[in-house]
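Read the numbers this way: they start at 1 and go in the same order the structure lists the ligands and their atoms. These values consider heavy atoms only, across backbone and side chains, with no hydrogens, waters or symmetry-generated copies. Note that this is a predicted model, so its numbers are computed, not measured.
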Amino acid sequence: MSDRKIIVLTAPSGAGKTTIARRVMAEIPELSFSVSATTREARPDETHGEDYFFLSDEAFRSYVDQGEVLEYEEVYPGQFYGTLRSEVASKAEDGGVLLDIDVRGAHSVKDAFGDDARVLFVAPPSMEELRRRLRKRGTESDRALRERLERAEMEMDEADRFDAVVVNDDLDRAVEETLQEIRQFLSS
Ligand code: 5GP
């Protein structure tokens with residue numbers, strides 16, 4: 001039995017997983033958050049080192065070349081996101097680590113860690129609702145919005161490949177369900 005506990009929260013963009021991840025982090029103090037590296041621009045409310053490590057393309061590439069990235073994806077054209085080995089290594093054995101990553105990245109982590117990883121897929125109630133949420137968020141250009149929606153359709157098709165699916169129709173209920181899944185895994 002390994003003591004590594006890796007929890008992966010994955011979902012189409014706009015399904016609400018980042019909100020759920022924040023609530024989970026507040027509720028389970030022993031859990032650490034894996035801060036990913038990305039080449040996308042920081043949004044106004046984001047902090048380097050807390051939400052992401054915001055890197056130039058060159059810096060990101062050099063992390064990858066040095067083998068410091070566990071998995072990475074070009075989640076949107078020209079925008080790279082990657083899980084850092086250093087984030088997962090110690091945190092996974094020290095109370096567990098939570099990753100908030102895209103669907104393909106989640107597959108890679110599951111392939112790498114098997115039963116040490118539990119992948120929870122957060123599904124929006126419907127594609128209509130997802131579209132509405134992404135529009136309302138207003139952080140993306142029309143083109144980025146379109147790309148995110150196209151990608152979401154593909155990701156929804158993969159929902160049944162994960163360890164559990166949490167439907168985010170009601171945020172409080174979805175957080176409760178996610179907490180239950182995580183607590184069960186952490187105590188297993
Ligand atoms: P956003 O730009 O909205 O913060 O994130 C876009 C997508 O990239 C989300 O689905 C997010 O979970 C995913 N993402 C964030 N970090 C990583 C990572 O390290 N690896 C992968 N594969 N996806 C990530």
Side-chain angles (χ1 to χ4, degrees), residues 6-25 32-57 59-64 66-89 91-92 97-113 117-124 127 130-131 133-159 161-162 165-166 168 174 178:
I6 297 155
I7 297 141
V8 182
L9 216 51
T10 191
S13 178
K17 80 173 171 322
T18 302
T19 309
I20 294 177
R22 290 210 179 107
R23 296 264 296 263
V24 164
M25 291 307 300
S32 305
F33 185 70
S34 164
V35 180
S36 293
T38 184
T39 63
R40 89 149 155 73
E41 297 272 310
R43 296 178 185 141
D45 61 336
E46 289 179 324
T47 308
H48 179 82
E50 275 179 30
D51 299 285
Y52 285 105
F53 294 104
F54 295 99
L55 303 181
S56 65
D57 289 352
F60 191 94
R61 171 59 48 202
S62 113
Y63 272 75
V64 171
Q66 287 165 34
E68 292 179 22
V69 178
L70 190 63
E71 62 73 35
Y72 74 96
E73 296 289 340
E74 185 176 5
V75 177
Y76 304 107
Q79 296 183 348
F80 291 85
Y81 297 77
T83 305
L84 299 170
R85 279 185 200 284
S86 55
E87 285 290 298
V88 173
K91 291 176 175 176
V97 64
L98 181 74
L99 278 60
D100 169 351
I101 63 177
D102 91 311
V103 171
R104 278 185 300 188
H107 287 309
S108 305
V109 171
K110 186 71 186 174
D111 289 346
F113 294 103
R118 185 147 181 90
V119 183
L120 310 179
F121 183 88
V122 179
M127 283 305 290
L130 188 70
R131 201 167 292 131
R133 287 183 194 173
L134 280 174
R135 289 233 168 80
K136 191 168 149 221
R137 188 160 86 183
T139 49
E140 269 76 40
S141 65
D142 281 356
R143 182 163 147 232
L145 186 73
R146 219 172 30 247
E147 282 163 6
R148 282 179 183 236
L149 285 168
E150 273 167 23
R151 192 178 171 93
E153 294 205 21
M154 172 197 90
E155 291 170 339
M156 290 293 288
D157 290 342
E158 308 212 5
R161 288 186 58 196
F162 297 111
V165 177
V166 174
N168 187 13
T178 307

Could you check which of Ala21, Gly105, Ser36, Ala11 puts a non-hydrogen atom nearest to atom 19 (O) of ligand 1? Ser36
Taking 4.0 Å as the limit for heavy-atom contacts, which would you say applies to Arg148 with ligand 1: side chain only, backbone only, both, or neither? side chain
Steps toward salt bridge (Lys or Arg N to Asp or Glu O under 4.0 Å) verdict (Glu87, Lys91): CA-CA 6 Å; Glu87 285 290 298; Lys91 291 176 175 176; 2.7 Å; yes
Looking only at N/O atoms, are Gly82 and ligand 1 under 3.5 Å apart anywhere? yes
Atom CZ of Arg131 and atom CE of Met127: how far apart are they, to the nearest 0.5 Å? 5.5 Å
Does any N or O atom in Lys17 lie less than 3.5 angstrom from one in ligand 1, N or O only? yes
To the nearest 0.5 angstrom, please state how far the NE2 atom of His48 sits from the CZ atom of Phe53. 6.0 Å
Atoms of ligand 1, numbered as shown, that sit under 4.0 Å from any heavy atom of Arg40: 1 (P), 2 (O), 4 (O)
Test: Asp102 and Lys17 ion pair at under 4.0 Å: no
Within the supplied structure, the quantity of interest is the number of heavy atoms (other residues, nucleotides, ligands) at a distance under 6.0 Å from Phe162 CZ; does it exceed 12? yes
What are the atoms of ligand 1, with element, lying closer than 4.0 Å to any heavy atom of Tyr52? 1 (P), 4 (O), 5 (O), 15 (C), 16 (N)
Contact partition for Gln79 relative to ligand 1, non-hydrogen atoms under 4.0 Å: neither
Between atom CZ of Arg161 and atom NE2 of His107, what is the distance when rounded to the nearest 0.5 Å? 4.0 Å
CZ/Arg40 to CZ/Phe80 distance, rounded to the nearest 0.5 angstrom? 15.0 Å
Quick one: which ligand 1 atoms are inside 4.0 Å of a heavy atom on Arg43? 1 (P), 2 (O), 3 (O)
Ligand 1 to Glu73 polar contact by distance, N or O atoms, under 3.5 Å: no
Side chain or backbone, does Tyr72 bring an N or O within less than 3.5 Å of an N or O on ligand 1? no
Given Met154, Glu153, Arg148, the one that forms side chain to side chain contact (heavy atoms under 4.5 Å, CB included) with Arg151: Met154
What about Tyr76: any of its N or O atoms under 3.5 Å from an N or O on ligand 1? no
